[in-house]
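One structure below.
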Amino acid sequence: RKEVEQDPGPFNVPEGATVAFNCTYSNSASQSFFWYRQDCRKEPKLLMSVYSSGNEDGRFTAQLNRASQYISLLIRDSKLSDSATYLCVVRGPFSGSARQLTFGSGTQLTVLP
Amino acid sequence: SAVISQKPSRDICQRGTSLTIQCQVDSQVTMMFWYRQQPGQSLTLIATANQGSEATYESGFVIDKFPISRPNLTFSTLTVSNLSPEDSSIYLCSVLGLPSSAGNTIYFGEGSWLTVV
């Protein structure tokens, strides 16, 4: 079983739709969780951190479910510019090093006009 | 977040040759990291570049193939040696962000796209 698993998609949705991605992780000691966005042939960029109580940033909402070991990303009112690959990133119990970071393979989203 | 500059942004190289990628950060950082992302795959950590000592390599990566330099706290290079088509990837330089309640995030340079022919 992969340490971090994501549905690779692709998700093809019309503009204005709501779309949700899930990501499961295997290490119950994981401490921090993030969503990154990666545009085609570009570097990944931090979209948002995922807090235990859940958090929202505009049209984006991230949730964490520790009991079931998954995080989710909800995008409301999808825009064409949301088309990208969304990477789930999980950090182990020790901070201060990239060695504790595990990246999912990403979920590809295409928003259609 | 730190500004991370990488070059070259892309290159096409002949098999058997080597490519050196440079990474410049606009502030001093203790650790810099090198990642590889093969086509359609996720990111894999190659090594941690340590200033003043040898790099720390992850399983499956060796110094002879991926020599790394770290002459100061703002600069690092990654060389990919004896290139083969399997080395065609994007190579990413990265640094950790400042600690926050959500934990340390990671920031990436723009990446260096390597195609080996």
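What's counted below: heavy atoms across the whole structure, side chains too, no hydrogens, waters or symmetry copies. In the text below, chain A, chain B and the rest are named by the order of the sequence lines, each starting its count at 1.
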Side-chain heavy atoms nearer than 4.5 Å, only ILVMFWY residues, links allowed to pass through others: does that put B:Val95 and B:Leu73 together? no

Passing candidate, side chain to side chain contact (heavy atoms under 4.5 Å, CB included) with B:Ser42, options A:Cys88, A:Ser105, A:Pro44: A:Ser105

Count I, L, V, M, F, W, Y as connected when their side-chain heavy atoms are under 4.5 Å apart, and connections chain through other members. Are B:Ile90 and B:Ile4 then in the same cluster? yes

Test side chain to side chain contact (heavy atoms under 4.5 Å, CB included) applied to B:Thr105 and A:Val89, step by step: CA-CA 9 Å; B:Thr105 53; A:Val89 182; over 6 Å; no

Atom group of B:Leu92 that falls short of 4.5 Å from chain A, counting heavy atoms: side chain

One should read off an interatomic distance between A:Glu43 CD and B:Ser9 OG, to the nearest 0.5 angstrom, of 11.5 Å

Crowding at CD, A:Glu15 (>12 non-hydrogen neighbours, <6.0 Å): yes

Does a sphere of radius 6.0 Å around CZ in B:Arg15 hold more than 12 heavy atoms from other residues, nucleotides or ligands, not counting ones at 6.0 Å or beyond? no

Quick check for you: among A:Gln6, A:Gln38, A:Arg41, A:Lys42, which has the greatest number of heavy-atom pairs under 4.5 Å with chain B? A:Arg41

Determine whether B:Leu114 and B:Phe61 fall in the same hydrophobic cluster, where Ile, Leu, Val, Met, Phe, Trp and Tyr are linked whenever their side-chain heavy atoms lie under 4.5 Å apart. yes

Applying the 4.5 Å side-chain criterion to the ILVMFWY set and letting contacts propagate, would B:Leu19 and B:Val116 be lumped into a single cluster? yes

Value for CG (B:Leu43) from CG (A:Leu87), rounded to nearest 0.5 Å, stands at 6.5 Å

What part of B:Thr44 lies closer than 4.5 angstrom to a heavy atom of chain A: side chain, backbone, both or neither? neither

Contact origin within B:Gln6 toward chain A - heavy atom pairs under 4.5 Å: neither

Counting only heavy atoms closer than 4.5 Å, note whether A:Gln108 contacts chain B via side chain, backbone, both or neither. neither

Hey, are the side chains of A:Leu101 and B:Leu45 touching, using non-hydrogen atoms and a 4.5 Å cut-off? no

Count I, L, V, M, F, W, Y as connected when their side-chain heavy atoms are under 4.5 Å apart, and connections chain through other members. Are B:Met31 and B:Ile21 then in the same cluster? no

Straight-line distance of A:Tyr36 OH to B:Phe108 CZ, nearest 0.5 Å: 6.0 Å

I'd like to verify something: which residue of B:Gly111, B:Gly109, B:Gly40 has the highest number of heavy-atom pairs under 4.5 Å with chain A? B:Gly109

With chain B, the option among A:Gly104, A:Gly106, A:Ser52 that has the most non-hydrogen atom pairs under 4.5 Å is A:Gly104

